[in-house]
Chemist: 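Dumping the structure here so I can ask a few things about it.
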Amino acid sequence: MPESSPIGRSAAEQHDVGATAIARVLLDSPLPQLDRLFDYRIPPRLRALAVPGVRVTVPLRAAGRQASGYLIEVVDEQSFEGVLSELVDVVSAVPVLQPEVYRLIRRAADRAAGTASDLARLVIPTRQVRVEKAWLARRAAEQAAIEEAVSEDAATADAASEGPAAENPAPEGPAAENPAPEGPAAENPAPEGPAPEGPAAEGPAVTAPVVLGYDPAAIDALLDPAAPGPRRRVALTAIPEPAPVPDPDAPSGRRWMPAAARTLAELAAATLARGRSAIVSVPDYRDLENVAAALKVLVPADGVARVDAGQSNPDRYRGFLRALEPRPVIVLGMRTAVAAPAHDLGLIALWDDGDGLHVEPHAPGVHTRDLALLRQEDSGAALVLASHARTTDVQRLVEVGYVGELAPTPARRRRITPTAQLTSADGPAARARIPSTAWRTVAAALDEGPVLVQVARPGYAPRLACADCGETARCTACQGPIAQKRQGATPACQWCGALAVEWRCSRCEGERWRTVGSGSGRTADELGRAFPGARIIVADGEAGVQHVPAGRTLVVATRGAEPVAEGGYRAVLLLDGERMLARESLRVVEDCVRWWCTAAALAAPDAPVMLVGVGGAVASALAMGQPERIAAEELADRRLLRFPPAVRVAAMVGEPEQVARASAEVAALEGVDVLGPVELDEDRVRAIVRFDYARGAEVAETLKVALIRSATAKPRRVDGRPPRRRVPGLRVRFDDHEPFDDPAPGRPAASPARAADAPPSGRMGG
DNA sequence: AGCACGCCGACT
DNA sequence: GTCGGCGTGCTC
C-alpha cells in the first residue's frame with residue numbers, strides 16, 4: 001500500500017511516465033451492485049493528482065453519464081477485461097479516504113452486507129471548498145518552511161529526521177525555539193490557563209502523561225505495541241466517582257465530570273506524548289464536552305481534532321482535515337470518530353458502548369464498537385472499551401480471551417445497597433416510595449450536601465387509566481399512551497401530542513380518568529413534602545440542569561439526565577428500579593445496570609447509594625460492587641437461548657417472496673437458523689437470521705447477493721396490471737440492538753421525553 | 001438510476 | 001425482411 005499524505009506522492013512518481021497507470025475507484029453510489037472497485041485509465045494531465053484517497057469524477061454509462069467516487073489505489077494492470085474509460089477529473093488534492101480507512105469501511109460493509117460508499121458518506125464530512133483551500137495553503141507554506149530550514153542547515157538532525165515533529169512544526173508558537181523533539185506534546189506549550197493538578201508544570205506546561213487511578217504497569221503495557229493482545233485490548237471499568245478538572249471558564253475555576261471523561265483524556269494524552277495518535281469516541285455531546293475540557297489542560301489545542309456531527313459543516317471539515325495531517329493528533333468525536341483518519345494510530349478509546357447512541361441509525365447500521373474492533377485489528381493500536389457497567393458484548397470478548405480487563409483499585413469499587421420497597425407504612429416518605437432506612441440516609445446526607453434521586457420517567461403522571469374500569473387510557477386519534485405533564489395540566493398523547501380533552505375509555509366509555517404512577521415532577525412534589533426545607537431541582541431531559549448548588553438540595557433526575565454535582569452527591573437514591581426492569585426488551589437488565597451504575601458514579605467516593613425494590617442476583621452483584629458479574633450471567637442466559645450477543649443476528653425485511661427466498665438461502669448454511677417470518681404490514685414481512693460468529697462472512701455474502709437481486713429486479717406485473725411500484729425492496733440489518741422489537745411505523749420520532757413511552761413491542765422466538 | 005440490447009409479434 | 005414494444009441486465 002503506497003504511503004499517502006495530504007500532498008501525496010503522485011502517480012507519475014510511482015510509475016514510469018508512459019507506463020499505464022490504472023486508477024481503482026469506489027463509486028459514490030448506494031447501489032449494492034456497484035459496490036466494488038472500477039478501473040479507469042489515468043490521463044497524463046491527472047497523473048500528479050491521482051493519488052489514493054482523492055475524490056474523483058468518472059464516466060459511468062447510465063447514472064447520468066458521470067459519477068463521483070474515491071480513488072482507492074493506483075495499479076499497473078487493469079483487472080477488468082475490457083476497454084477502460086479515463087478519469088474525468090480529480091475533484092481535489094485532499095486524500096479524504098485513505099487506504100487504512102477504506103480497509104475499515106470495506107470490512108465493516110462486508111460484515112453487514114452493506115456498501116462501502118454508504119459508510120464513506122457517514123465517515124467523510126462534506127467538502128467545504130474555502131476550508132480546504134485555507135488548509136492546503138497552510139500546509140504548502142509549512143512544507144516550504146521545512147525545505148528552507150533543511151537547505152539552510154542540512155546538518156540539523158531535527159529537520160532531517162523522520163517523524164512527525166520534524167515533518168510538521170506547529171505554524172505558530174515557539175516550536176523553533178524549543179528543540180525538544182520528544183513528541184508533539186513537547187513542542188507546544190499548553191494553552192493559557194491554570195496548570196494541571198498534580199506535579200506542578202514548569203516552563204511550557206507539558207503534562208505528565210499519567211492515568212490516575214489505574215495500575216501504571218497495566219497502562220504501560222496497554223500503550224506498548226510489543227505487549228500481548230489482551231493487554232493491549234481492554235475492558236476498562238471506569239472509576240465510579242466525579243472528578244475535578246481545571247477550567248478557567250467555570251465559575252469556580254474547576255469543572256466536575258465523571259472521572260471516566262478525565263481517564264479517557266489522560267489515556268489519549270499519554271498516547272500523544274508517545275508520539276502517536278489517539279481516537280476517543282463518546283456517545284453524546286455532554287461526554288464530548290467533558291473530554292474536551294479535560295484535554296484542554298493536557299494537550300495544546302492544536303493537538304486535538306474534533307469531528308462531531310454537532311459542529312457546523314466547516315468546523316467539522318476543519319477537524320477532519322486536522323486529523324488527516326501526517327502528525328499525531330487526538331481525534332475526539334462521537335460514532336464516526338473511530339473511522340476518522342489519524343496518523344500512526346496508537347489508541348482507540350470507546351466510552352460506554354452500551355449506550356444506544358453508539359448504534360449508527362444510517363445504513364448499514366454498524367455499531368461503533370464493531371468499527372473500533374476492526375480498526376484495532378487492522379492498525380494494531382491499543383483498544384480501550386471503557387464503561388461503568390460492562391455490556392454482554394464486551395463480556396463475550398473478555399470470556400473468549402480477546403480483550404483483557406482493567407479495573408481501578410478495589411477500594412474504588414462502588415457498592416450499591418439494595419433496599420426493600422416498603423409495603424404498608426404511610427406518611428410522606430411512603431407516598432414518595434421511599435423506604436424508611438433510605439429516608440433516614442437521605443435526611444442525614446442532605447445536611448452535608450446535594451442528594452440525587454433517579455426516577456424512570458419525566459412528567460407528572462406517566463400513565464392515566466379509566467377511573468371506572470382501570471383500562472389504560474389511550475389516545476382516541478392514534479392509540480398512543482396518555483400522560484400528564486404537570487399537576488392539573490390537560491393530559492396529552494405521548495405519540496401525536498393531541499390533548500385528551502374529550503377523552504372516553506375505549507372499553508367502558510367512561511369519561512373520568514385517574515393518574516397511575518409517578519414521573520419526575522410528581523416525585524419531586526412528594527419528596528418536597530417528605531424532606532421539608534430541602535431545595536428540589538428537577539432534571540428530566542426537557543429541563544437540562546448544568547449546575548447543582550451546594551447545601552440541602554435534592555436533585556430529581558430521569559435516567560441519563562443526571563447533572564454532576566461538585567465533589568459528588570452525598571447520597572444517591574435509585575427509585576424506579578422495578579419499573580425500569582419491567583420493560584420488555586432483550587437488554588433490559590444490561591440497560592438498567594448501566595443507568596444505575598452511571599448515576600451511582602456521580603456520588604462522592606464514600607457516599608451511600610441505594611437501589612429500591614430490586615432483589616435477586618442483580619442486586620447482590622451490585623451490592624458487592626461487581627456489575628461485571630451481571631454481564632456474565634446475562635451472557636450465559638443468552639447462550640442458552642441462542643440470543644445475541646451469544647450469536648449474531650440479521651433482520652431481513654421486505655416482500656414475502658424476497659424474504660422467503662433469502663431465508664432459504666441462508667438457512668442452507670451450517671450454523672444458521674431463521675426465525676419467522678412475521679407480518680409487519682400489508683406487504684412486508686420480517687425474518688431474523690441467527691448465526692454463529694464463524695458463519696458471519698458467508699451469511700453476509702449470501703444476503704448481499706439477495707440485496708443485489710432485489711435492487712436489480714424489475715417490477716413484475718401482477719395479474720397483467722400496470723407496472724406495480726417497487727418500493728419496498730429487501731432490507732437487511734445486522735446485529736440490531738433490539739432485533740426482536742417492532743419498528744412500529746407511523747410513530748413520531750422518539751424524543752428523550754418520549755423514549756420511555758415507546759409503543760408496545762413484542763419479543764418473538766423465545 | 002438510465003440506457004442499450006435482444007426477443008418476439010405485426011407490419012410494408 | 002424490418003420496425004418497434006418492452007423486459008432484462010449492466011455500468012470500468
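Values below: every heavy atom of this structure, side chains too, minus hydrogens, waters and symmetry copies. Numbered from 1 within each chain, the chains take letters A, B, ... in sequence-line order.
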Chemist: How many Å lie between CG on A/L37 and C1' on C/dC12, as a whole number?
Modeler: 11 Å
Chemist: Within this structure, what is the CG-to-C1' distance between A/L27 and C/dC12, rounded to whole angstrom?
Modeler: 8 Å
Chemist: Under 4.0 angstrom, heavy atoms only, what part of the nucleic acid is A/V25 near: base, sugar-phosphate, or nothing?
Modeler: nothing
Chemist: As a quick check of understanding, evaluate salt bridge (Lys or Arg N to Asp or Glu O under 4.0 Å) for A/R138 and A/E325, giving each step before the final call.
Modeler: CA-CA 11 Å; A/R138 214 193 74 219; A/E325 291 176 26; 3.2 Å; yes
Chemist: I need the CG-P distance between A/L26 and C/dC12, as an integer number of Å.
Modeler: 15 Å
Chemist: Between A/I72 (CD1) and C/dC12 (P), how many Å, whole number?
Modeler: 17 Å
Chemist: Rounding to a whole Å, what distance do you find between A/L60:CG and B/dA4:P?
Modeler: 13 Å
Chemist: What's the verdict on salt bridge (Lys or Arg N to Asp or Glu O under 4.0 Å) for A/R107 and A/D378, showing C-alpha distance, side-chain angles and the deciding distance?
Modeler: CA-CA 10 Å; A/R107 287 186 66 197; A/D378 182 80; 5.2 Å; no
Chemist: Is the closest basic N to carboxylate O distance between A/K704 and A/D35 below 4.0 Å?
Modeler: yes
Chemist: Quick one: closest heavy-atom pair of A/R106 and A/A116, and the distance?
Modeler: NH1-CB, 3.6 Å
Chemist: What is the distance from CG of A/D35 to P of C/dT11, rounded to the nearest Å?
Modeler: 15 Å
Chemist: Taking atom C1' of C/dT11 as reference, at what distance in whole Å does atom CZ of A/R61 sit?
Modeler: 6 Å
Chemist: Starting from P on C/dT11, measure out to CZ on A/R36 and report it in whole angstrom.
Modeler: 7 Å
Chemist: Could you check whether A/Q78 gets within reach of a base, just the sugar-phosphate, or nothing at all, counting any heavy atom under 4.0 Å?
Modeler: nothing
Chemist: Can you check whether A/F80 stacks with the C/dC12 base, using ring centres under 5.5 Å and planes within 30°?
Modeler: yes
